[in-house]
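So that the names make sense, note that chain A is the first sequence line, chain B the second, and so on, each numbered from 1. These numbers come from the heavy atoms of this one structure, side chains and all, not from hydrogens, waters or symmetry mates.
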Protein chains: 2
Amino acid sequence: MNECSFIFAADMRIRDENKINSIREKAIEMIVGEGFDGLSMQKLAKAANVSPATIYIYFKNREDLLSQLYNHVQNTFSEVTLDGFSPELSFRDGLWLQWKNRFRFIQEHPLYFQFQEQFRNSPLINQCGVDISDFKSNMKNFVINAVKRGDMKPMEPEVFWSIAYGTLYSLIKFHLNERSMMNNNFTLTDEKMKQAFEMVIKAFKH
Amino acid sequence: MNECSFIFAADMRIRDENKINSIREKAIEMIVGEGFDGLSMQKLAKAANVSPATIYIYFKNREDLLSQLYNHVQNTFSEVTLDGFSPELSFRDGLWLQWKNRFRFIQEHPLYFQFQEQFRNSPLINQCGVDISDFKSNMKNFVINAVKRGDMKPMEPEVFWSIAYGTLYSLIKFHLNERSMMNNNFTLTDEKMKQAFEMVIKAFKH
DNA sequence: AATATAAATGAACATTCATTCATTTAAAAG
DNA sequence: CTTTTAAATGAATGAATGTTCATTTATATT
């Protein structure tokens, strides 16, 4: 398929991958900074040093742009999060690796995370089908194995997820908003993460 | 102050409280359904059966409208959440009452909750100063008392909050999205809430 | 150098946007 | 009933919106 498209596209002027990247990054930047209603195609074009029409070469329309942005962010998220992970890992090691990987994701891509959260909490999430089946089957099998080994009593996956990750995501949000709910600066250090993690592990104990 | 404004306003045509309510509710409805970029002043006027100009009697501009919406929702949230609550309650009873109250809030005002989350995860949250100091001092004192009594070891408030409520909010979000992360329907019953609550309590045990 | 192909463009489109304003409507007081 | 006051309005404003299109530019092959 790759060779095919290379052959057929032999004569075409090559796509500027920097351009499509620039459009994507600037779009995410604008959305995180000004919200979805702060993203206009013309402002985006200007920010990405591109003609408005150029955007429509790579994206069918505004909706498709947003959808592809989310897709891209989700793929990056899956990559980082699955790094070094295996469903065969012990409950403790596997969950801790997930915590570390997910925290690394927001450290390496803070804008991606904020975009992700903004998108997920908006109605856009309902119009956008992103395939993360590989990621999900990894997570699912991990839980199945944990129950098999008796590291965790059986429970609905949503209950598991809420305790295992709801806590972490809340910590991360405090970390990202310097002006947190408590009005003092909060930095999520490894130590605090470990402290919370041990409490979560205790919650899962029989 | 109330009497004063009554006297001075004696001759004026009375403000239609239904109108301002209708504007508010329709606005929240539109935002939850179509996102912040789905809310236009003209569409809102039509939905609320009002002239666009009328909106500007009650709200300085679009930004002020959004800010007042959030303010209203936060006040409602505080009312419901503090119902029956006291910082003097035992750790277990107080936290459980908070869980029940917050769940009741999203049951009675599901749109409010979704609006709240959408707003909180958007950049709008930074431009909008809402006073919830009464609410916060209640929550703060509750934690102080819990530490005093030895029901909980001292920890940063953000860590406490993430374990105590991060879990609950995650459950609530699964509950509200019928198409959840796990792709099956999830309903947050009292039983499941209690199950998760007991795990959270265990996490806090010494 | 000439050709072919698609990338890239800037100007233009109709539409929708937030906001304003001159005018009308309704209600309370005299 | 008349007057007064502010609520309420519909039409209008210019600016900004998403999208298109005829044209130009750049590149890989001949």
Side-chain angles (χ1 to χ4, degrees), chain A residues 2-27 30-31 33-69 122-124 127-128, chain B residues 2-27 30-31 33-69 122-124 127-128:
Chain A
N2 281 336
E3 283 201 333
C4 263
S5 57
F6 254 100
I7 290 168
F8 282 131
D11 269 1
M12 73 184 198
R13 179 176 168 190
I14 221 160
R15 280 199 178 190
D16 190 341
E17 214 52 44
N18 290 343
K19 210 151 274 185
I20 193 170
N21 257 323
S22 170
I23 292 171
R24 220 178 7 223
E25 298 308 315
K26 288 292 175 187
M30 288 174 68
I31 289 168
E34 309 172 48
F36 287 117
D37 44 353
L39 177 85
S40 87
M41 302 304 263
Q42 328 226 27
K43 284 200 293 177
L44 172 58
K46 192 156 285 182
N49 259 316
V50 143
S51 163
T54 304
I55 301 177
Y56 287 85
I57 296 172
Y58 299 106
F59 306 96
K60 222 178 67 193
N61 49 38
R62 200 186 112 110
E63 193 187 332
D64 179 54
L65 166 64
L66 291 171
S67 171
Q68 283 199 44
L69 287 179
S122 85
L124 292 169
Q127 307 160 359
C128 160
Chain B
N2 282 335
E3 283 201 332
C4 263
S5 57
F6 254 100
I7 289 168
F8 282 133
D11 268 3
M12 75 184 196
R13 181 175 167 192
I14 221 162
R15 281 198 177 191
D16 190 342
E17 213 52 44
N18 290 342
K19 210 151 273 182
I20 191 170
N21 256 323
S22 170
I23 293 171
R24 219 176 10 220
E25 298 308 316
K26 289 291 175 189
M30 288 175 67
I31 289 168
E34 309 172 48
F36 286 117
D37 44 355
L39 176 84
S40 89
M41 302 303 264
Q42 330 226 29
K43 284 200 292 175
L44 172 58
K46 192 157 285 181
N49 259 315
V50 143
S51 161
T54 303
I55 302 177
Y56 287 85
I57 295 171
Y58 300 107
F59 306 95
K60 222 177 67 193
N61 49 38
R62 200 185 112 109
E63 192 187 332
D64 180 54
L65 166 65
L66 291 171
S67 171
Q68 282 198 44
L69 287 179
S122 86
L124 291 169
Q127 308 159 359
C128 159

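- For the pair I57(B)/K19(B), no side-chain contact is recorded, criterion being any heavy-atom separation below 4.5 Å from C-beta on.
- Contacts of A47(A) classified as side chain to side chain contact (heavy atoms under 4.5 Å, CB included), with partners at least two apart in sequence or in another chain: K26(A), M30(A).
- Here dT19(C) presents its P atom at 15 Å from CD1 of I57(B), a figure rounded to the nearest Å.
- Taking atom CG of residue N18(A) and atom C1' of nucleotide dA26(D), one finds them 15 Å apart after rounding to whole Å.
- OP1 or OP2 of dA16(D) has not a single side-chain nitrogen or oxygen of S40(A) nearer than 4.0 Å.
- Residue contacts for L39(A): at a heavy-atom cut-off of 4.0 Å it reaches the sugar-phosphate backbone alone, with no base atom in range.
- When the P atom of dA18(C) is taken as reference, atom CD1 of I55(B) falls 9 Å away, rounded to whole Å.
- Contact check for I20(A) versus F59(A): side-chain heavy atoms found under the 4.5 Å cut-off.
- For N21(A), the side-chain hydrogen bond (donor to acceptor under 3.5 Å, both in side chains) test picks out R24(A), with sequence neighbours left out.
- Qualifying salt bridge (Lys or Arg N to Asp or Glu O under 4.0 Å) partners for K43(A), counting only residues two or more places apart in sequence or in other chains: E34(A).
- Within the nucleic acid shown, L44(B) has no heavy atom closer than 4.0 Å to any nucleic acid atom.
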(request) Using a 4.0 Å heavy-atom cut-off, write out nucleotides 19-24 of chain D from 5' to 3' as B (base contacted by protein), S (sugar-phosphate only) or - (no contact). (result) BBB---

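- Whole-Å rounding puts the E17(A) CD to dT27(D) C1' distance at 16 Å.
- Between the CG atom of D37(A) and the P atom of dT17(D) there is a distance of 11 Å, rounded to whole Å.
- Between T54(A) and dT9(C) there is a side-chain N or O to OP1 or OP2 distance below 4.0 Å.
- Atom pair K43(B):NZ and dT16(C):P shows a separation of 10 Å (rounding to whole Å applied).
- For residues 58-68 of chain B, every residue pair satisfying the side chain to side chain donor-acceptor pair (under 3.5 Å) rule, not counting sequence neighbours, is listed here: D37(A)-R62(B), D64(B)-Q68(B).
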